[in-house]
Amino acid sequence: MSTYNPSEIETRWQKYWLENKTFRTPEDHSKPKYYVLDMFPYPSGSGLHVGHPEGYTATDIIARYKRMKGYNVLHPIGWDAFGLPAEQYAVKTGTHPRDTTEKNINRFREQLQMLGFSYDWDREVNTTDPDYYKWTQWIFLQLFNKGLAYEDEQPVNWCPQLGTVLANEEVIDGKSEVGGFPVIRKPMRQWVLKITEYADRLLADLDDLEWPESTKEMQRNWIGKSIGAEIDFQIDKHEGTEIRVFTTRPDTIFGATYMVLAPEHHLVNKITTDEQRDKVEKYREEAAKKSDLERQELTKEKSGVFTGAYAINPANGKEIPVWIADYVLAHYGTGAIMAVPGQDERDWEFAETFDLPIIRTVQPPEDFDGKAYTEDGPAINSDFLNGLDITAAKKKIIEWLEENGVGKKSINFKLRDWLFSRQRYWGEPFPIIHVDGKPKAVSEEDLPVTLPEIDDFQPTESGEPPLARAKDWVKTTDPETGNPALRETNTMPQWAGSCWYYLRYISPEFDGAPVDKGDENYWMPVDLYVGGSEHSVLHLLYARFWHKVLYDCGLVSTKEPFKKLVHQGMILGEVEYTAYQKDGKMISADEAAGESGVTRVPLSDSDVEKKGERFVMKGTEITVEAKAHKMSKSRGNVINPDDVVDRYGADSLRLYEMFMGPLEQVKPWSTKGVEGVNRFLNRAWRLLFNNDEKSSLKVTDSEPNAEQLKVLHEAIKKVTDDIEEMRFNTAISALMIFVNEANQWDSMPKSVAEPFVILLSPFAPHIAEEMWSRLGHGGSLAYEKWPEYDEKLMVSKTVEYPVQVNGKVRANIEVPADKAKDKEFVIGLAKQQQNVEKYLDGSTIIKEIFVPERIVNLVVKPG
RNA sequence: GCCCGGGUGGCGGAAUUGGUAGACGCGUCGGAUUCAAAAUCCGAUGGCAGCAAUGUCUUAAGGGUUCGAGUCCCUUCCCGGGUACCA
């Protein structure tokens with residue numbers, strides 16, 4: 001029986017690491033540093049799921065590896081603990097969110113420790129701790145004092161069921177991201193952060209980041225910079241009234257055959273003629289009633305109404321009608337457009353619907369049979385622009401507009417200011433009081449403004465946030481004047497705490513500022529940041545924004561917080577086979593799609609076989625669905641890490657999650673796969689220890705032979721290179737190859753076993769520590785030196801060459817290493833091979849390809 | 001629709017600058033050990049033909065470049081993610 005006993009070993013080493021503070025961050029700044037960060041979790045009531053350890057294991061491997069490479073490593077963890085679930089639970093049960101949160105955090109901490117992550121547990125941060133949110137409030141005050149935080153009455157996404165306002169990003173298809181409740185538009189006083197002021201820098205600084213290209217692209221699209229022009233159109237019969245439009249295609253102005261204003265545009269009332277007024281009013285009312293969702297739903301049919309007014313196209317003096325339509329958005333650009341149906345698909349559609357004229361101003365290619373033509377080409381019907389391509393035409397028309405004082409170059413962003421307040425209890429209070437209806441900053445000495453105690457966590461009857469229930473807390477005085485004042489009752493959104501937590505880890509106890517300047521200078525930027533791609537836009541954009549503000553305040557030394565970013569891919573449930581049944585008969589999965597009255601029948605993999613491209617029920621032609629689904633409680637396919645650790649140990653869980661495939665990829669869970677890596681650990685154990693009760697040492701003091709050194713150094717090279725590139729799956733495969741090879745040896749020299757244990761340790765730290773100590777070392781191996789490989793020990797005595805004739809392998813030859821680069825020798829040997837001669841016979845060699853240490857290819861033709 | 005990723009054995013996945021496709025693991029089959037089982041160990045394992053040597057086909061499909069293509073180019077199909085009237 002095997003004596004590798006993970007549960008005993010793992011608890012013992014976890015205790016050792018904690019008691020000895022093995023992973024405490026070094027205080028000295030004398031060595032190179034490495035800051036490796038996980039996106040900190042929201043401590044939910046359901047505990048850790050198998051997705052968490054994926055990214056956490058990856059960063060843990062890097063952290064342990066870097067320590068052994070001689071770096072000072074900062075590897076912290078904390079809790080993003082404000083948020084809606086604890087509050088909803090409080091509404092239901094009356095349990096204070098603080099208590100729920102504390103309980104959940106304790107559970108999460110326990111689970112993370114159970115997995116053997118090498119966090120510095122003295123640096124935990126907790127966003128709900130007043131000592132932490134004091135500095136969140138402090139940062140808000142910097143924003144406020146810089147004029148980057150302002151109050152605004154604006155239509156917001158109000159969710160009645162949640163009793164709160166949601167950011168645009170938190171609304172998906174007109175429903176709340178959390179809970180899926182309907183969301184309506186409602187005007188409300190809100191705090192807003194001027195992220196738009198940083199739009200250009202947020203865009204430009206993306207270029208230098210080592211982030212996934214797709215994530216950078218998403219942020220670029222979100223920021224949505226467009227370069228174009230603003231152009232003023234005179235309104236006929238309204239002397240001095242102009243409509244300003246924004247366009248990215250000023251070069252098409254000669255094709256502007258009508259204009260469209262957003263229904264909410266402020267000039268609509270003024271320019272509408274009496275005959276059209278009824279229709280316009282009616283259209284505006286209807287548009288106002290619609291939510292954003294409804295407007296989007298009706299994208300198929302363009303709608304709109306003529307205002308009766310005409311504008312003058314400044315380029316050619318022609319009169320064009322002015323319409324209103326809800327396909328023009330009030331909040332983008334100037335809320336008005338010049339419509340150029342010839343070059344814009346939306347305008348073309350609208351023009352077709354309402355029978356408006358269409359003029360092409362870019363010559364499409366002859367074979368073009370579409371409608372609007374949006375590609376490049378020479379300008380036509382455009383007076384002095386004719387013949388120019390888009391770029392040149394843009395340049396020329398902008399010069400012309402500026403000379404004539406009717407327009408200018410202009411830049412627009414899709415990005416909107418950040419709606420920063422929520423009508424919730426469990427969030428950071430704003431450090432703001434209202435005196436005579438005006439917001440005023442609480443002075444820094446009076447921070448933190450702590451959450452008041454209340455016993456009902458619902459909004460008030462009048463719809464005010466829950467904090468309004470704490471009447472004594474709300475009513476206060478202005479310390480400067482002694483005048484009565486009211487505290488702000490909104491709280492900050494969950495993003496606030498996560499916008500700067502990576503800084504607090506650097507000096508968690510520091511009480512002079514969010515972060516100690518000297519330590520910040522040493523540790524920043526974060527060298528590696530790992531977390532889910534669901535944060536590609538929101539968290540990462542907001543954190544970058546705050547970081548830049550802090551940079552402008554002189555508080556941080558880097559323009560960007562996260563140098564390198566990696567997203568771990570989601571782990572899906574085990575593959576499930578599903579057959580479909582209708583009216584008692586099995587039907588093929590593709591027929592079942594969209595049918596009603598279909599029952600799903602789960603099958604086991606022994607009922608299923610592969611036939612061509614698809615899976616079918618064994619012995620039939622009935623197609624079966626084979627799919628790994630997202631893990632979810634309702635589907636019942638959730639894998640609980642606790643169970644996996646109980647059965648196989650934390651080392652096996654860690655190893656398996658890394659072995660599944662590339663870190664970034666989505667991949668299905670397989671319990672059989674865990675068993676596989678568990679077998680590997682058992683084999684590794686038996687490599688060093690005898691199969692007796694005490695696991696006595698099998699390792700010898702003998703000198704390793706050349707073969708053993710070769711196998712070892714190949715493993716060192718592969719594992720080292722793969723960790724550097726975060727290819728953990730192939731690194732583990734290299735460790736497996738080592739064990740497979742070593743299993744065939746007669747002896748296991750200590751000088752080979754020890755480097756192997758170190759190679760294994762970042763992946764499976766518990767078993768490695770145990771091996772290390774049984775090999776006779778005291779203490780932990782966490783700071784042992786990472787082994788270096790020696791290329792000289794890796795060369796083989798012979799080199800194998802595949803020999804091809806006309807690109808097909810016909811033989812393999814072994815060449816002594818010293819002759820391996822001798823072209824004539826190798827080709828000579830190749831030609832003698834029986835199976836090669838066969839193909840050369842009766843043919844002429846027209847070319848001999850020789851790639852040293854790679855391949856030989858003889859090109860022949862008959863005759 | 002648009003923008004990013006991807007399509008490789010029964011499955012998860014490997015494959016330097018283009019150089020033996022299928023490493024490693026799972027599963028399956030056969031064997032050893034055992035009273036038996038579990039565990040463990042050994043062997044086989046992409047398809048087709050063949051006793052075998054070997055041949056032939058094969059990286060979503062089709063075409064191209066090359067002595068040689070999973071890798072480069074073109075066309076098409078499918079899957080995943082993001083986004084959606086942003087002028």
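Just so it is clear: chains get the letters A, B, ... in the order the sequence lines come, proteins before strands, and each one is counted from 1.
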(request) For B/A15 versus B/C24, give the span between their C1' atoms, rounded off to a whole number of Å. (result) 12 Å
Sequence neighbours left out, cut at 3.5 Å: what donor-acceptor pairs do the side chains of residues 846-860 of chain A make with other protein atoms?
from	atom 1	to	atom 2	distance (Å)
A/E848	OE2	A/K831	NZ	2.7
A/N857	OD1	A/G807	N	3.1

(message) Using atom P in both nucleotides, what's the gap between B/U71 and B/A61 to the nearest angstrom?
(response) 11 Å
(message) Can you classify the ring geometry of A/F738 versus A/F756 as parallel (below 30°), tilted (30 to 60°) or perpendicular (above 60°)?
(response) parallel
(request) In plain terms, say whether A/R810 and A/E837 are close enough for a salt bridge, that is, a side-chain N and a carboxylate O under 4.0 Å apart. (result) no
(request) Decide whether a cation-pi geometry holds between A/K302 and A/Y327; the criteria are a distance under 6.0 Å from NZ or CZ to the six-membered ring centre and an angle within 45° of the ring axis. (result) yes
(request) Return the 5'-most residue of the pair A/E217, A/G333 with respect to RNA chain B, ranking by each residue's nearest nucleotide. (result) A/E217
(request) Only counting residues at least two apart or in another chain, list the ones meeting side-chain hydrogen bond (donor to acceptor under 3.5 Å, both in side chains) with A/D200. (result) A/K225
(request) Tell me whether B/G9 sits syn or anti, counting syn as a glycosidic angle within 90° of 0. (result) syn
(request) Quick one: label A/S226 by what it contacts on the DNA or RNA (base, sugar-phosphate, nothing), any heavy atom closer than 4.0 Å. (result) sugar-phosphate
(message) I need the OH-P distance between A/Y4 and B/U40, as an integer number of Å.
(response) 13 Å
Throw together a table of side-chain donor-acceptor distances under 3.5 angstrom for residues 658-668 of chain A, partners on residues two or more places apart or in other chains.
from	atom 1	to	atom 2	distance (Å)
A/K667	NZ	A/E54	OE2	2.7
A/K667	NZ	A/P662	O	3.0
A/K667	NZ	A/L663	O	3.1
A/K667	NZ	A/Q665	O	2.6

(message) Tell me which one of A/L202, A/I223, A/T196, A/I195 satisfies side-chain contact (heavy atoms from CB on, under 4.5 Å) with A/F413.
(response) A/I223
(request) Using the P atoms only, state how far B/A49 lies from B/G1, rounded to an integer number of Å. (result) 43 Å
(request) Please list, chain by chain and in numerical order, all residues satisfying salt bridge (Lys or Arg N to Asp or Glu O under 4.0 Å) with A/K672, sequence neighbours excluded. (result) A/E675
(request) Using the C1' atom on both, measure B/C72 against B/U65 and round to a whole Å. (result) 8 Å
(request) Give the rounded distance in Å between these two atoms: CG of A/L261 and P of B/C85. (result) 19 Å
(message) Between P on B/U83 and CD on A/E534, what's the gap in Å once rounded to a whole number?
(response) 12 Å
(request) On RNA chain B, check which nucleotide each of A/S533 and A/N221 is closest to and give me the residue with the more 5' one. (result) A/N221
(message) Rounded to whole Å, please give me the gap between CG in A/N678 and P in B/A39.
(response) 11 Å
(message) Taking side-chain hydrogen bond (donor to acceptor under 3.5 Å, both in side chains) as the definition, give me every residue that meets it alongside A/K408, ordered by chain and number, with sequence neighbours left out.
(response) A/E230
(request) Let me have RNA chain B in dot-bracket notation, would you? Count Watson-Crick plus G-U wobble pairs, both distances under 3.5 Å, and use [ ] for pairs crossing earlier ones and | for inter-strand partners. (result) (((((((..(((......[....)))((((((.......))))))((((....))))..(((((..]....))))))))))))....
(message) If I pick the P atom on B/G46 and the same atom on B/C35, what distance separates them, to the nearest angstrom?
(response) 35 Å
Please list each protein N or O that sits under 3.5 Å from an N or O in nucleotides 42-52 of chain B, with the distance.
none

(message) If I take atom CZ in residue A/R220 and atom P in nucleotide B/C4, what distance separates them, rounded to the nearest angstrom?
(response) 11 Å
(request) Return the set of residues passing salt bridge (Lys or Arg N to Asp or Glu O under 4.0 Å) with A/D841 (not counting sequence neighbours), or none when no residue passes. (result) none
(request) Applying side chain to side chain contact (heavy atoms under 4.5 Å, CB included), run through A/W745 and A/L687 and close with a yes or a no. (result) CA-CA 10 Å; A/W745 300 342; A/L687 203 57; over 6 Å; no
(message) If I take atom CG from residue A/L356 and atom CD1 from residue A/I320, how far apart are they, to the nearest 0.5 angstrom?
(response) 10.5 Å
(request) Assign a letter to each nucleotide of nucleotides 56-64 of chain B from its 5' end: B, base within under 4.0 Å of a protein heavy atom; S, sugar-phosphate only; -, no contact. (result) SS-------
(request) Calculate the interatomic distance between A/K394 atom NZ and B/A87 atom C1'; express it in whole Å. (result) 12 Å
(request) Provide the full list of side-chain hydrogen bond (donor to acceptor under 3.5 Å, both in side chains) pairs with a residue in residues 719-729 of chain A, sequence neighbours left out, each pair given once. (result) A/Y65-A/E724, A/K717-A/D721, A/K718-A/D722, A/T720-A/W786, A/D722-A/R727, A/D722-A/T730
(request) Output all residues satisfying salt bridge (Lys or Arg N to Asp or Glu O under 4.0 Å) with A/D651, sequence neighbours left out; order by chain, then residue number. (result) none
(request) Summarise protein proximity over nucleotides 6-34 of chain B in one line of letters, 5' to 3': B for base, S for sugar-phosphate only, - for none, counting protein heavy atoms closer than 4.0 Å. (result) ----SSBSS-BB-BB--BBSSS-------
(request) Can you tell me the distance, in whole Å, between the CG atom of A/D326 and the P atom of B/A87? (result) 18 Å
(request) Using the P atom as the reference point in each nucleotide, state the distance between B/G18 and B/G13 in Å, no decimals. (result) 25 Å
(message) Assess, by modelled atom type and distance only, whether the side chains of A/Q343 and A/T252 contain a donor and an acceptor separated by less than 3.5 Å.
(response) no
(request) Could you measure between the two C1' atoms, the one in B/U28 and the one in B/C74, and give it in whole Å? (result) 41 Å
(message) If I pick the C1' atom on B/A21 and the same atom on B/U58, what distance separates them, to the nearest angstrom?
(response) 9 Å
(request) Please state how far atom CG in A/N806 lies from atom P in B/U66, giving the value in whole angstrom units. (result) 15 Å
